[in-house]
Amino acid sequence: MNAPIKHDKGYWGTKTDFASLMAHVEKIGPILDKNSEANEKLGRLNEETFDALKPLRMSHVFAGEDIGGAQLPPTQGLQLIEAIAYHSGAAGWVSMVHTCIGAMSAAFLPDTAIGRLFDGKTDNRFSGQGTPTGMLKKVDGGYRLNGKWSYASGIYHATYTHTAALLDDGNGQPAKDEKGDVIVLCAHAPVADHELLGNWNVLGLQATGSIDYAANDVFIPDDMVFPILTAEPQRMKEFFSLGVVGLAAIGHSGWAIGTSRRMLDEAAKYARTKTGRAGLLGESDKFWYDFGRAEARVRAARAFLFEVWREVEASIEAGNRMTTRQISLVHLAKSEVHEAGVDACHFVYRALGGASLRYGVMQRIYREMLTAANHFTINPNIVAAAGRDIAGLWGDRIWQFYDLIEKK
């Protein structure tokens with residue numbers, strides 16, 4: 001299930017030892033587990049938890065070695081996030097957000113901004129929101145950012161925000177490009193320049209601190225924005241042609257397979273303690289049949305995910321940019337690992353009765369998986385569009401952000 005994957009060392013980084021990163025996750029696993037309840041009560045990762053994660057430098061996982069990153073291939077990033085999420089859904093979520101947004105910043109910002117954000121002196125970490133619920137107004141030397149955003153996972157542990165906003169046309173209305181589309185820019189500014197508003201009283205993933213935040217006339221230099229809907233990679237052009245949505249898919253997919261695996265392992269561990277006489281859970285053929293089916297589906301979804309990403313890596317290593325079909329498969333694989341995880345969690349929650357009802361690992365994972373499955377990136381409309389593309393119905397379209405649009 002976890003066989004090593006061979007990569008073309010001419011493209012991916014060689015300075016970071018992936019085995020050492022995985023060994024570090026195994027080492028800190030007990031710390032992540034131990035702090036899970038305290039982190040939920042706190043509403044974010046506590047200091048001990050995040051200090052344990054820091055050596056992994058998750059915001060630099062996919063950044064190029066030339067700017068101080070690890071330049072890992074996607075399948076290694078998937079495995080790393082999977083391993084963290086296995087021990088703590090919240091730690092895995094914060095880690096995957098820092099990973100994916102760090103990759104976006106490293107991919108799409110101009111060299112002058114990269115020189116400041118990836119200067120080798122500070123391990124900047126990035127958090128924010130890709131939905132444009134605010135506006136940027138052009139001023140001398142940059143922009144002024146105003147607005148309010150939700151779901152800033154990991155912002156308590158970030159140094160810079162990554163915030164999508166509509167460009168103001170000068171009259172308070174969204175500006176449009178020559179094709180008639182609104183212009184959406186992604187702005188970067190120190191977290192300290194923003195107001196952190198709280199508002200994270202939720203069913204699951206409480207410890208991610210995915211709070212609301214606001215900007216009140218925050219200055220954004222010209223070089224600290226990129227067009228989030230149409231961004232062209234500035235470096236590592238083959239890999240970063242995945243775009244914002246492709247990079248985000250790595251994080252969400254890795255999180256789902258890690259938490260699904262932990263849920264089934266916890267169920268099996270509990271059932272093994274309930275054997276020895278008729279009527280106990282571990283003696284039930286129905287339970288073990290349903291467990292086997294859940295195990296098979298979670299493994300099958302994971303295998304599909306890695307099949308898709310191995311093909312993506314091979315294409316990148318051959319010098320190719322991503323195709324519409326590849327992004328469609330990325331979306332389908334991302335959806336399936338979540339759907340398999342939700343079904344597995346439903347099965348465990350119903351089958352184990354009071355053991356999964358009361359507070360503990362299984363109850364927490366159940367709540368976290370249901371929360372994750374409500375994320376916009378798992379939207380059924382995305383899967384439907386990918387299905388149409390795979391079937392050949394929409395073969396003349398391209399992905400723009402999360403929409404499969406007609407070519408203009």
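Just so it is clear, the values below take in all heavy atoms, side chains as well, and ignore hydrogens, waters and symmetry mates.
No side-chain donor-acceptor contact under 3.5 Å links Thr259 and Glu368. Donor-acceptor pairing under 3.5 Å is lacking for the side chains of Tyr359 and Glu37. Under 3.5 Å, the side chains of Tyr213 and Thr163 contain a donor-acceptor pair of N or O atoms. If you check the side chains of His24 and Lys27, you find no donor sitting under 3.5 Å from an acceptor. With 3.5 Å as the limit, one finds a donor-acceptor pair spanning the side chains of Trp93 and Ser153. Counted by atom type alone, Asn39 and Ser36 present zero donor-acceptor pairs between their side chains at under 3.5 Å.
Panel note: side chain Ser315, backbone Val312; no donor-acceptor pair is recorded below 3.5 Å. Side-chain atoms of Asn379 come within 3.5 Å of backbone N or O of Asn381 as a donor-acceptor pair.
Residues satisfying the salt bridge (charged side-chain N to carboxylate O under 4.0 Å, His left out) test with Glu266, not counting sequence neighbours, are Arg262, Lys269. For Leu229, the side-chain contact (heavy atoms from CB on, under 4.5 Å) partners are Val184, Gln400, Phe401, not counting sequence neighbours. A search for salt bridge (charged side-chain N to carboxylate O under 4.0 Å, His left out) contacts involving Arg321 returns Glu232, not counting sequence neighbours. Scanning for side-chain contact (heavy atoms from CB on, under 4.5 Å) contacts around Asp217 gives Arg144, Asn146, with sequence neighbours left out.
Every pair passing ring pair (Phe, Tyr, Trp, His ring centres under 6.0 Å) that includes a residue from residues 61-90 is listed here, sequence neighbours excluded: Phe62-Phe239.
The only member of Arg299, Arg302, Arg297 that meets salt bridge (Lys or Arg N to Asp or Glu O under 4.0 Å) when paired with Glu336 is Arg297.
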| message | Using the rule given for ring pair (Phe, Tyr, Trp, His ring centres under 6.0 Å), can you reason through Phe347 versus Tyr366, listing the C-alpha separation, both sets of side-chain angles and the distance that settles it, and then say yes or no? | response | CA-CA 10 Å; Phe347 152 67; Tyr366 182 65; over 10 Å; no

Show the atom names and distances, to 0.1 Å, of all donor-acceptor pairs under 3.5 Å that link a side chain in residues 190-197 to residues at least two apart or in another chain.
from, atom 1, to, atom 2, distance (Å)
His194, NE2, Thr161, OG1, 2.8

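Shown here for Ala372 and Trp255, the closest heavy-atom pair between the two residues is CB-CZ3, 3.3 Å.
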